[in-house]
K.L.:
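Let me begin by handing over the structure; questions about it come next.
Both backbone and side-chain heavy atoms feed into the values below; hydrogens, waters and symmetry mates do not.
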Amino acid sequence: MHRHACTAILSELEMDKTIRTTVFSIILMIGLFTTYTMYVQKEKNLTVEVLMTSWHSGSIAMYVDTGEGFNEKLSVRRSYIGDGTPHKYSLSLHISRDIHALRLDPIDATGKIEIREIAVTWQGMVYRYTGNDLNRWRRETGLMLIDLSLHHSFLKELLSFLRDKIALLIWLLLFLILATGEHSWTLSEGEISRKTLFIHFFAGGIPIILLWTLYHETLETWWLIDDPCHLFYVSQNGIFAAFYDRSRLFSPINFNPMLPFSFGLDYLFAGLNPRPFYWHHLLSFTLTLTAGYALFVRFFPPVVSSIILSSFVASLPVCDSTFHLMVRHYVEGLFFTFISVIFFLAALRKEKFAYHWIGALFYLLACISKELYVPLIVLFAVFLLKRDRHDFKMLYPYAAAAVIYFLWRFYMLGIEGMASAYPHIPVKLENILNAPLLFVTIMGWTNPWHISLIAIATLLFCITFAKGSWRYKLITITLIAGCIAPIIPVLGMFSSRYVFALSLIVFMGTGIGIQHLYTLGKRLRAGHAPALLLGAALILGGCLSTEQGIAKWKHYSDEIKAEGNFLLFNNDPHNLLITEHGHCYWAFSSIRKAILNMPQGPSFCKSDCICFFLHPDKKVWINVDGQLYQAGATGNKKTPEECGDKGDLDVNIHYSRGILKWKFGPHKEGRYLVFIKGWDSGMLQVKSDVELPYNINFKDDFIIVKYESPRGWSVYSPVLTFTQKGDGEGSIIWRSMSLKSPES
């Protein structure tokens, strides 16, 4: 009887605890999401976009009447370009009152302004005025007025926000359910039991759900940055040449044959359709997160492992990586790394030496995916410290894989390619000193409150680190150093992809800090609330940064897609695209000729003073927010000499029977660009010392060289023609000298 009473009391207490935990989770979810919503709602909620053409530069102002007339407090102004071509200008304000009227005031003395479209975005609704609809705006001297009746409603704004963020809300709910589980904060010992299988399934799935919630829109993305070059490479060389053929190198400074292999499989399956490429990309991320959870859960409780991977997913490096097929080797290399470590640990636990050979195979795959993962063998060596010396024979398979990799790399790239770096972009002391601040920016830690949360988690990690054993400290330092060392040679052009693996290590540190906070919470009888709150807030803070990154890449993708399709499928060779992008655009023309078997199409020119000189009498097209418009003017056809500054430039070019060699100087820093008549492009950035196969027509071909200084000035050569020295041989030697450098 007494035992039954005790059991009933304990059951009631457990039920009360469950109810309290559930209520707390719901309140916490509402509080977190309300805070997140209020922060997001501070963003400018009224946006007016004006598509207009002007023949004289000036500025346009927008005024808002909220019932008290127009005034400067509710106004915004920006400049516009007067080049006779259409441009889209966006003006935004944050307003929490009803709107009665809008006023646009294009200040232009000549009055030569043509407005093609006005779009007003307010609380999730878009009011678009084009053609005859523009007549609703009352036109007066120098300004346009429209009477509006836009009612402000916080509830409407909130519902609009929830509609857009419903997937994120569901993810947060799942995360909080996981965090309240009995075994969610308990480190798994040994094999995963049936009792905890559901917890692990849940915890491992949450980062994957967040990945697809945030980045599913990448499936609509096009070829970006280096992707067209990679696409053309695999179309011409197949999926295996990068592994063995030195005459068909994928990169002269990097040995990453797994990238064209992975990219080439997509090309064989999907051709020129980018959507399957991005499906493969997201699935690779999914597998990587799955393998990452399987590894982390050996060292962290399920909820902490989930927080680490979710924070990683909601970071700008991952955001940038999901939108770029060109960095798939980072993702798949990390997957191979995780699998290698899992087999290494399994071999130690089960004492099966064969597992080390399997782990070494995946280690080699990680190395040939990206050089970043080569230092993994050092981590294995450190992990074996304080064990019997006999155990170091376990490193033999990994050492063999490392030797194979270095010999293989040397065979493919030679001694010059053994260090993965950019010789033409040297690393300076200022790059090293600025790296920490640049890292914070690249990670998207721009909000003070977000930085404060990162600082708290980092401080908690430092406390744990200080209390740890020397072996724990050495493994941690090795992990951090192994991720930083490969970055140092490329600090001259620091980019988010270079901190891809380092960002994961950083979030492992914050995860350790959150776990320490959970321990403190238990001691202080605060439960898991502080740790849960910090973890969820860190992830939501990352989501804020990634949403801005997603919007940026979607806009960029729309522009590249419009321009790329124009170059691929427009059949008028008299068209000229003036673009702000242009990187790897030569590949579109090459794909058009080599794959699509289409005749000469449009040319392109990266915005430059001499674009109209290089392509005279062509119809000019420009891109305005993903829409191509034919320019109303052809521009001023300045000669190269009229465009540049006076500065030093040496041009030394030799041609002999299909081989073109050049050497430019005297500057070691800055950029050199070249245009050769016959190219479907403008000036392309090149190295200062190059040898390449090319057929020159001495009678018609000419070359223009440009140097751009890091300090902002530039020097152009004139039109340079070859002096023929014999049958199939010629040269150009030209030098410009100035007594005074442009920056002085």
Side-chain angles (χ1 to χ4, degrees), residues 218-242 245 247-251 259-281 323-326 328 556-606 611 614-615 618-623 626-630 675-684 692-695 697 701:
T218 59
L219 297 174
E220 306 301 325
T221 310
W222 218 59
W223 316 105
L224 305 181
I225 316 293
D226 289 351
D227 296 346
C229 292
H230 296 348
L231 184 66
F232 182 68
Y233 174 88
V234 297
S235 72
Q236 301 304 298
N237 298 284
I239 62 176
F240 297 114
D245 194 339
S247 65
R248 294 186 286 172
L249 285 174
F250 181 66
S251 168
L259 177 57
F261 176 79
S262 180
F263 215 90
L265 290 176
D266 293 344
Y267 174 73
L268 292 176
F269 172 74
L272 299 180
N273 180 8
R275 190 178 180 89
F277 285 74
Y278 283 99
W279 269 104
H280 180 175
H281 203 54
F323 278 88
H324 294 87
L325 300 171
M326 59 178 273
R328 183 183 293 167
Y556 179 75
S557 174
D558 290 341
E559 292 190 337
I560 302 297
K561 184 175 183 179
E563 296 180 359
N565 277 318
F566 182 75
L567 295 174
L568 279 175
F569 302 112
N570 187 278
N571 293 318
D572 189 349
H574 297 100
N575 284 332
L576 171 67
L577 173 68
I578 303 290
T579 176
E580 296 294 333
H581 309 298
H583 182 70
C584 268
Y585 273 23
W586 62 266
F588 292 134
S589 299
S590 298
I591 289 170
R592 178 186 175 93
K593 296 172 186 176
I595 301 177
L596 301 178
N597 296 316
M598 297 175 68
Q600 173 68 45
S603 303
F604 79 91
C605 186
K606 195 170 188 310
C611 279
L614 297 178
H615 302 277
K618 288 199 173 185
K619 294 178 287 186
V620 176
W621 293 77
I622 63 170
N623 190 344
Q627 295 290 328
L628 295 187
Y629 297 92
Q630 187 172 349
F675 174 81
I676 302 177
K677 186 183 178 183
W679 287 4
D680 299 332
S681 65
M683 309 198 79
L684 297 182
L692 75 158
Y694 193 82
N695 292 317
N697 183 330
D701 285 355

K.L.:
Do I595 and Y267 have side chains that approach each other closer than 4.5 Å (heavy atoms only, starting at C-beta)?
P.N.:
yes
K.L.:
Hey, what's the ring geometry for F232 with W586, parallel, tilted or perpendicular (30° and 60° as the breaks)?
P.N.:
perpendicular
K.L.:
Do L596 and L272 have side chains that get closer than 4.5 Å, going by heavy atoms?
P.N.:
yes
K.L.:
What heavy-atom pair brings P274 and W222 nearest, and what distance separates the two atoms?
P.N.:
CG-CD1, 3.7 Å
K.L.:
What distance separates F323 CZ from T221 OG1, expressed to the nearest 0.5 Å?
P.N.:
5.0 Å
K.L.:
Where is the tightest heavy-atom contact between K618 and P573, given as atom of each residue plus distance?
P.N.:
NZ-O, 3.4 Å
K.L.:
Taking the side chain from R328 and the backbone from F277, do they hold a donor-acceptor pair closer than 3.5 Å?
P.N.:
yes
K.L.:
Do D266 and P276 come within less than 4.5 Å of each other through their side chains, counting heavy atoms only?
P.N.:
no
K.L.:
Working to the nearest 0.5 Å, report the span between SG of C584 and OH of Y233.
P.N.:
14.0 Å
K.L.:
Name the orientation class of the two ring planes belonging to Y278 and H281 (parallel below 30°, tilted from 30 to 60°, perpendicular beyond 60°).
P.N.:
perpendicular
K.L.:
Can any side-chain N or O of Y585 pair as donor or acceptor with the backbone N or O of P228 at less than 3.5 Å?
P.N.:
no
K.L.:
Treating R592 as the side-chain partner and N570 as the backbone partner, does any N or O pair qualify as donor plus acceptor under 3.5 Å?
P.N.:
yes
K.L.:
So how far is it from W621 CH2 to S603 OG, rounded to the nearest 0.5 Å?
P.N.:
14.5 Å
K.L.:
Quick check: do L628 and L577 have side-chain heavy atoms less than 4.5 Å from each other?
P.N.:
yes
K.L.:
For a quick test of reading the model, state the closest non-hydrogen atom pair linking A587 to C229 and the distance between them.
P.N.:
CB-N, 3.9 Å
K.L.:
Under a 3.5 Å distance rule, please check whether N623 uses its side chain to pair with a backbone N or O of E559 as donor and acceptor.
P.N.:
yes
K.L.:
Between L614 and F675, what is the shortest heavy-atom contact and its length?
P.N.:
CD2-CD2, 3.5 Å
K.L.:
With distance as the sole criterion, is a donor-acceptor pair present between the side chains of H324 and D227 under 3.5 Å?
P.N.:
no
K.L.:
Quick one: are L325 and L231 in side-chain contact, heavy atoms under 4.5 Å?
P.N.:
no
K.L.:
Could you state the interatomic distance from NZ (K561) to CG (L568), rounded to the nearest 0.5 Å?
P.N.:
12.0 Å
K.L.:
Looking at every heavy atom in both N571 and M598, which two are closest together, and how far apart are they?
P.N.:
OD1-CE, 3.1 Å
K.L.:
Hey, which of L567, L576, D572 is the one that makes side chain to side chain contact (heavy atoms under 4.5 Å, CB included) with P602?
P.N.:
L567
K.L.:
With heavy-atom distances below 4.5 Å as the criterion, would you say the side chains of Y556 and I225 are in contact?
P.N.:
yes
K.L.:
Please report the shortest heavy-atom distance between F588 and G564, naming the atom on each side.
P.N.:
CE1-CA, 3.8 Å
K.L.:
Can you tell if the side chain of H230 reaches within under 4.5 Å of the side chain of F250, non-hydrogen atoms only?
P.N.:
yes
